[in-house]
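Let me begin by presenting the structure, written as structure tokens, before commenting on it.
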Amino acid sequence: QVQLVESGGGLVQGGGSLRLSCAASGLTFSSHTMSWFRQAPGKEREFVGGISVSGRVTLHADSVKGRFTVSRDNAKNTVYLQMNSLKPEDTAVYYCAAEFGGRLPPGNINFWGQGTQVTVSS
């Protein structure tokens with residue numbers, strides 16, 4: 001059974017930082033492109049950033065470029081999202097996602113995490 005478990009969300013003041021983690025189990029982690037998505041209340045889920053199977057290639061949405069960084073540790077089956085200079089508009093539920101293969105941006109997500117709430121106060 002595949003599990004993607006996010007952690008690290010919470011309440012932070014604008015300008016602050018958070019690091020989200022997503023621990024994967026039940027899948028061949030190093031064969032999956034890993035991505036982060038987010039969904040704010042009343043809005044559609046949107047792609048935030050992703051990383052290739054090797055970790056050599058990353059892609060970030062324009063809205064977070066220069067502030068957020070996706071990384072992965074294949075030895076730990078974990079993907080991270082470092083979020084700096086947070087803004088109130090970054091408030092959302094953040095989801096980890098896995099897609100078999102190496103496409104960025106992802107086009108056919110195979111597995112989703114349950115999400116973790118990030119709230120940024122002004």
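In this text the structure is predicted, and so the values were computed from the model without any measurement.
With Phe47 as the aromatic partner, Arg38 does not meet the cation-pi criteria of under 6.0 angstrom to the ring centre and within 45 degrees of the ring axis. By the 6.0 Å and 45° rule, Arg19 stacks over the aromatic ring of Tyr80.
Side chain of Gln3 to main chain of Ser25: no donor-acceptor pair is present (N/O by atom type, distance under 3.5 Å, no hydrogens or angles).
Taken together through direct or relayed side-chain contacts under 4.5 Å among Ile, Leu, Val, Met, Phe, Trp and Tyr, Leu20 and Val120 form part of one hydrophobic cluster.
Residues Trp36 and Cys22 are in side-chain contact: their nearest non-hydrogen atoms beyond the backbone lie under 4.5 Å apart. You'll find the side chain of Ile51 stays beyond 4.5 Å of the side chain of Val57, heavy atoms only. Within the 4.5 Å cutoff, side-chain heavy atoms of Asn84 are placed close to those of Gln82. Residues Val53 and Ser30 form no side-chain contact, since every pair of their non-hydrogen atoms from C-beta on lies 4.5 Å or further apart.
Ring geometry for Phe111 against His32 counts as tilted: the plane angle lies between 30° and 60°, on a 0 to 90° scale. Ring geometry, Tyr95 versus Trp112: the interplanar angle exceeds 60°, so the pair is classed perpendicular (tilted spans 30 to 60°).
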Tell me, with the steps shown, if Glu89 and Thr91 meet side-chain hydrogen bond (donor to acceptor under 3.5 Å, both in side chains).
CA-CA 5 Å; Glu89 51 263 44; Thr91 295; over 6 Å; no
Test salt bridge (charged side-chain N to carboxylate O under 4.0 Å, His left out) on Lys65 and Asp62 and set out the steps.
CA-CA 5 Å; Lys65 203 170 290 183; Asp62 287 344; 3.0 Å; yes
